[in-house]
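Working notes for the structure below.
Note that the structure is a prediction, hence the values are computed from the model and not measured.
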Amino acid sequence: MNKRSLVFIALLLVGSTKVLSQQKSMISLSIGVSQPVGNFAQKDSSSVLYLLNFDKMHSNTGFAETGVNIALDYRYAINSKWGLLIKIKEQQNTCNNSALKNFYTISSNNSWANQKKVTIGKWLCGSVLAGGYYSLFSSGVKHKIDVQAKVMGGILKTSVPSSWVAFLNTSTYQVSVNSTPKRDMNIGFCYLLGADLLYHFNKSIDFIGSIDYTSALVKASYTQEIPTGNSIPSYISKPYTVKFNPSTLNINAGIGINL
């Protein structure tokens, strides 16, 4: 084997080692806040009807408040710029009980009641997404800081909160209670747009901060009983579809382990 062949093989091995060293994978865990936006955050009378009774639904508003999310990510670097992402995310958002109580105090037909209590459960969302990222730039000594843009798509499962409404007259002891259990909606499509800030603490550990916008389209089919208007009370069944868009702005912080 001549000298040129040895140099060529040496260069090939060095190049291969460099490429393999860039193909790193990482698993990370993060937690953060989820701020509802759009219809998910609206607080109008239609959303009250939506939460309490699908048969009287007139809007896809959600009455949601700031919640919390936890995410597990797997990241694979194809090269120094591009990479693949897989995310499993769980999220919950509370509902605005005080606003619901104010609505019932003003608009309820139960005028005999001098006390009203409204309790609403939490929105629960679980999603699985896959996509990719692109490294916008690296800076610092030994490129310790990376900023990456990401785009992902996947599936989301959500459930409508349970509700409990009570009307009470403390003088006559009249009581009326309306309760609705938690209801699951169909699995829907979701997408995520965002950016990650990574600080490479050492060869094994990264600290990660992220901000992203997540939205989804979920549907559920129901049957509504509608009066016919005849002199003899009768009803007809009419199918309809509820469409809902749970959208949130998420800010997370976490830690990643290089594999």
Side-chain angles (χ1 to χ4, degrees), residues 28-52 54 57-75 82-96 99-100 120-134 136 147-162 182-197 208-222 240-254:
S28 61
L29 182 67
S30 65
I31 188 170
V33 296
S34 296
Q35 176 61 44
V37 295
N39 291 333
F40 196 35
Q42 289 185 13
K43 300 173 176 64
D44 59 23
S45 60
S46 300
S47 62
V48 176
L49 299 176
Y50 173 75
L51 286 172
L52 299 181
F54 265 127
M57 198 281 298
H58 297 291
S59 173
N60 62 352
T61 50
F63 235 80
E65 293 186 315
T66 302
V68 64
N69 78 83
I70 184 169
L72 179 67
D73 292 67
Y74 175 76
R75 183 185 309 263
W82 296 93
L84 303 176
L85 280 170
I86 298 175
K87 179 186 290 288
I88 301 174
K89 179 182 174 184
E90 184 73 22
Q91 176 183 322
Q92 64 179 26
N93 294 85
T94 57
C95 294
N96 194 316
L100 288 168
I120 302 294
K122 298 178 180 179
W123 285 101
L124 301 176
C125 299
S127 57
V128 179
L129 304 99
Y133 70 84
Y134 177 77
L136 298 175
V147 176
Q148 301 171 351
K150 58 186 177 182
V151 178
M152 307 183 76
I155 57 174
L156 177 140
K157 179 71 174 180
T158 186
S159 59
V160 180
S162 60
K182 182 185 73 172
R183 299 180 295 279
D184 291 331
M185 300 189 76
N186 296 336
I187 294 176
F189 169 77
C190 65
Y191 67 90
L192 179 151
L193 304 172
D196 293 334
L197 173 65
I208 304 173
S210 67
I211 181 170
D212 60 66
Y213 170 79
T214 305
S215 186
L217 174 61
V218 291
K219 300 179 180 180
S221 299
Y222 295 88
Y240 70 100
T241 300
V242 175
K243 298 180 180 180
F244 189 65
N245 302 98
S247 302
T248 55
L249 181 66
N250 311 290
I251 301 176
N252 281 40

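- For the side-chain contact (heavy atoms from CB on, under 4.5 Å) test, residues two or more places apart in sequence or in another chain that qualify with Tyr213 are Val37, Tyr191, Ser215, Ser247.
- One distance of note links OG of Ser127 with CD1 of Ile187; it measures 11.5 Å at 0.5 Å rounding.
- The CD1 atom of Ile31 lies 7.5 Å from the CG atom of Asn69; values are rounded to the nearest 0.5 Å.
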Show, in sequence, the C-alpha distance, side-chain angles and deciding distance for Ile211 and Asn252, and conclude whether the side-chain contact (heavy atoms from CB on, under 4.5 Å) test is met. CA-CA 6 Å; Ile211 181 170; Asn252 281 40; over 6 Å; no
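- The nearest pair of heavy atoms linking Pro36 to Glu65 is CG-O, 3.3 Å.
- Put simply, the side chain of Gln92 reaches to within 4.5 Å of the side chain of Val68, judged on heavy atoms.
- Ser159 and Trp123 get closest at one heavy-atom pair: O-CE3, 3.2 Å.
- Counting heavy atoms from C-beta on, the side chains of Met152 and Leu85 come closer than 4.5 Å.
- Between Val151 and Leu192, the closest side-chain pair of non-hydrogen atoms is not below 4.5 Å.
- Annotation: side chain of Pro161 is not in contact with side chain of Lys122 (no heavy-atom distance under 4.5 Å).
- Contact of the Thr66 side chain with the Asn93 side chain is not registered, since no non-hydrogen atoms from C-beta on lie closer than 4.5 Å.
- Looking only at side-chain heavy atoms (C-beta outward), Lys89 and Thr214 come within less than 4.5 Å of each other.
- With sequence neighbours left out, Tyr74 forms a ring pair (Phe, Tyr, Trp, His ring centres under 6.0 Å) with no residue at all.
- Shortest non-hydrogen contact noted between Leu129 and Cys190 is CD2-SG, 3.8 Å.
- Counting heavy atoms from C-beta on, the side chains of Gln148 and Tyr134 never come closer than 4.5 Å.
- One distance of note links CZ of Phe40 with OG of Ser34; it measures 9.0 Å at 0.5 Å rounding.
- Summarising the geometry, atom CG belonging to Leu136 is positioned 11.0 Å from atom CG belonging to Leu197; distances are rounded to the nearest 0.5 Å.
- By the salt bridge (charged side-chain N to carboxylate O under 4.0 Å, His left out) test, Lys87 is found to be paired with Asp73, residues two or more places apart in sequence or in another chain being considered.
- A distance of 5.0 Å separates OG of Ser210 from CG of Asp196, quoted to the nearest 0.5 Å.
- A distance of 5.5 Å separates CG in Leu217 from CG in Asn245, rounded to the nearest 0.5 Å.
- At least one side-chain heavy atom of Cys125 sits under 4.5 Å from a side-chain heavy atom of Leu156.
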